[in-house]
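Beneath this line is the structure, given in structure tokens, with notes to follow.
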Amino acid sequence: MSKELLLVAEALSNEKGVSKDVVLEAIQAALESATRKLSGMELGIRVKLDPRTGEYETFRYWDVVSDDEVYFPERELTLAEAQERKPGVSLGARIEEPIPSITFGRIAAQTARQVIMQKVREAERQLVVDQYMAKLGQLVYGTVKKVTRDNIIIDLGGKAEAFMPRNEMLPQEMFRTNDRVRAYLYDVPVQARGPQLLVSRVRKEMLIELFRIEVPEIGENIIQIKAAAREPGNRAKIAVKTNDGRIDPVGACVGMRGARVQAVSSELGGERVDIILWDDNPAQLVINAMAPADISSIVVDEDSHTMDLAVHKDQLSQAIGRNGQNVRLASQLTGWTLNVMTIEEFEDKSQEESTKIIKLFTQALEIDEEIALLLVAHGFSSLEEVAYVPKEELTAIEEFDEEIVDELRNRANNTLLTLALSQEDGKNAQASAASLRTMDGITPELIKSLGAIGIHTMDDLAEQSVDELLEIAGMTEEKAGALIMKARESWFLDDETSI
């Protein structure tokens with residue numbers, strides 16, 4: 001029988017493509033399962049299989065547990081019972097005794113078959129996981145095995161199958177059985193029924209990987225794809241960069257007569273791909289990303305992470321693109337929110353914002369409009385900038401001497417401090433008003449009526465007399481007294497606490 005076991009292991013190993021050791025472990029587990037089944041009890045069984053000779057021994061074991069933890073009497077013993085069998089044994093130990101091994105004959109083989117096949121299937125799944133985990137984030141090739149309304153199954157070979165949902169396919173893309181397909185492997189979740197290889201043709205990584213294949217300089221890291229944005233099947237943009245001054249990264253990606261970019265476009269159903277030059281300066285990057293439209297002026301707002309772009313009227317539609325596609329892709333590529341407008345609209349908006357800033361400076365800093373205009377002309381747009389930028393930036397303005405600069409900074413600081421204090425007071429008032437709303441018998445209408453006579457907080461109410469509350473329409477002496485006493489409860493609690 002030992003030779004037959006080794007032959008079975010060898011045959012299964014070759015047939016299923018898993019290692020012989022895995023098959024032997026499966027046979028060992030099957031022998032243990034068959035032994036338990038023949039005994040009719042859930043015994044603790046361990047089979048020791050020699051992988052060189054195929055000989056095996058069988059042992060029955062018991063785990064030593066405390067008296068109140070015996071849940072499986074067939075394979076657990078209390079400490080006292082265990083010490084009768086093996087003196088000196090301790091809690092947590094395992095006692096084993098050899099028992100006769102079953103013959104791996106027809107009945108045992110039938111009992112063991114399911115266990116063996118289950119172990120082999122698990123090993124096959126693990127092989128797929130190990131193989132495709134290494135390919136995660138890469139392109140995979142396969143043949144369409146099955147097509148349904150919501151997805152397709154792709155045979156990748158070696159008993160591996162990929163799953164591509166409809167929302168991961170290009171719009172209007174149709175597949176038939178046996179079609180060859182290339183897709184991007186984006187996830188390998190391990191599920192109860194085995195690993196599910198998830199692939200996509202719409203993710204921007206698919207576009208990047210296709211360029212990596214078509215452009216050797218990218219594969220060799222001479223050219224980098226810094227960012228990509230797609231509207232699958234329609235249009236895409238990629239930003240490229242190189243540290244080698246002898247190479248034109250855009251030209252290399254386009255290829256001779258556009259051969260390289262055309263190969264990528266054809267794979268993606270004719271998707272048009274714009275290749276732009278990456279720039280570390282966000283404003284210049286946005287200008288590049290908006291191609292083919294020419295940007296006349298640009299204003300960057302780092303606080304809101306937006307940019308206003310001005311173009312000539314005849315280029316507005318080109319800058320925005322069909323259904324906003326060009327500006328949308330440029331925004332995704334750069335990570336900035338982009339507002340495109342005509343030069344006239346841009347100038348009107350700039351004038352309006354300048355007017356607001358000038359008004360802010362003249363009122364908050366109590367200065368003439370002429371000085372406010374100078375501040376705006378030199379790029380100052382907030383009180384914080386006047387107060388906190390390095391002093392040298394203000395003294396660099398020709399019309400300002402050091403005395404004027406110090407006075408401007410002091411006024412800006414004082415104004416900001418006053419605003420901060422008023423905001424804090426407002427927060428405290430809101431908190432006090434919130435406490436008033438929690439009182440029993442208080443309605444929104446009553447809060448409004450109390451506010452009309454100057455009562456905004458719980459303390460305000462506690463300081464009132466009954467007669468003063470009777471000014472409110474519909475208020476009775478009884479209700480007024482109850483409200484005042486309720487508001488004064490906090491006073492009594494404070495007194496008790498101090499005692």
Side-chain angles (χ1 to χ4, degrees), residues 203-205 207-208 211 217-218 221-231 235-245 247-254 261 272-312 315-354 356-357 375-386 388-390 392-393 396:
R203 303 195 174 211
K204 64 182 181 181
E205 290 84 3
L207 177 69
I208 294 171
F211 270 103
E217 292 89 343
I218 295 176
N221 291 322
I222 297 173
I223 294 175
Q224 293 177 284
I225 297 180
K226 298 288 289 183
R230 287 183 71 188
E231 292 202 350
R235 191 173 175 186
K237 290 178 183 283
I238 65 167
V240 294
K241 178 184 180 181
T242 180
N243 293 321
D244 190 336
I247 294 177
D248 172 17
V250 174
C253 292
V254 172
V261 70
R272 176 185 166 189
V273 183
D274 298 335
I275 303 170
I276 69 157
L277 186 64
W278 174 267
D279 199 293
D280 292 329
N281 181 342
Q284 185 59 51
L285 176 62
V286 166
I287 292 171
N288 296 346
M290 287 297 294
D294 293 325
I295 306 302
S296 298
S297 301
I298 186 168
V299 172
V300 180
D301 186 343
E302 293 187 354
D303 292 335
S304 61
H305 209 65
T306 62
M307 294 191 194
D308 290 340
L309 312 177
V311 298
H312 287 286
Q315 287 207 350
L316 183 62
S317 60
Q318 187 181 41
I320 295 174
R322 182 179 298 177
N323 298 320
Q325 185 184 72
N326 190 57
V327 68
R328 188 163 55 248
L329 285 173
S331 180
Q332 292 173 18
L333 187 78
T334 61
W336 286 75
T337 301
L338 307 179
N339 303 317
V340 180
M341 60 195 75
T342 64
I343 292 176
E344 293 77 10
E345 292 170 335
F346 182 85
E347 289 175 349
D348 289 344
K349 184 176 180 181
S350 297
Q351 183 61 43
E352 184 180 342
E353 290 178 352
S354 295
K356 287 181 181 178
I357 296 169
L375 289 170
V376 172
H378 286 80
F380 290 88
S381 59
S382 68
L383 294 174
E384 287 80 4
E385 290 178 357
V386 177
Y388 303 129
V389 298
E392 293 74 19
E393 292 190 28

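When reading the values below, keep in mind they use all heavy atoms of this one structure, side chains included, and skip hydrogens, waters and symmetry mates.
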Shortest non-hydrogen contact from [X] toward [Y]:
X	Y	answer
Ala319	Met290	O-CE, 3.3 Å
Arg230	Gln332	O-OE1, 4.0 Å
Val240	Pro249	CG2-CB, 3.8 Å

CA sep, side-chain torsions, deciding dist, call: Arg322, Arg235, side chain to side chain contact (heavy atoms under 4.5 Å, CB included):
CA-CA 11 Å; Arg322 182 179 298 177; Arg235 191 173 175 186; over 6 Å; no
Answer yes or no: is there a side-chain heavy-atom contact under 4.5 Å between [X] and [Y]?
X	Y	value
Pro282	Met307	yes
Cys253	Val261	no
Phe211	Ile223	no

Ignoring hydrogens and angles, tell me if any N or O in the side chain of [X] forms a donor-acceptor pair with the backbone of [Y] under 3.5 Å.
X	Y	value
His312	Asp294	no
Glu393	Pro390	no
Lys237	Ile276	no
Lys241	Asp280	no
Thr242	Ile222	yes

Atom [atom1] of [X] and atom [atom2] of [Y]: how far apart are they, to the nearest 0.5 Å?
X	Y	atom1	atom2	answer
Asp248	Glu217	CG	CD	10.5 Å
Lys226	Ile208	NZ	CD1	11.5 Å
Leu383	Tyr388	CG	OH	9.5 Å
Ile343	Ile295	CD1	CD1	10.0 Å
Asn326	Asp274	CG	CG	7.0 Å
Ile287	Asp279	CD1	CG	9.0 Å

Of the options Leu309, Val299, Val311, which is the one that meets Phe346 in a side chain to side chain contact (heavy atoms under 4.5 Å, CB included)?
Val299
With side chain to side chain contact (heavy atoms under 4.5 Å, CB included) as the criterion, how do Arg328 and Gln325 come out once you've worked through the C-alpha distance, each side chain's angles and the decisive distance to 0.1 Å?
CA-CA 5 Å; Arg328 188 163 55 248; Gln325 185 184 72; 4.0 Å; yes
So does Asn323 have more than 12 non-hydrogen atoms from other groups sitting under 6.0 Å from CG?
no
Verdict with supporting geometry, Ile225 and Trp278, side chain to side chain contact (heavy atoms under 4.5 Å, CB included):
CA-CA 9 Å; Ile225 297 180; Trp278 174 267; over 6 Å; no
Do Leu285 and Trp336 pass the side chain to side chain contact (heavy atoms under 4.5 Å, CB included) test, and can you show the C-alpha distance, the side-chain angles, and the key distance before you say yes or no?
CA-CA 10 Å; Leu285 176 62; Trp336 286 75; over 6 Å; no
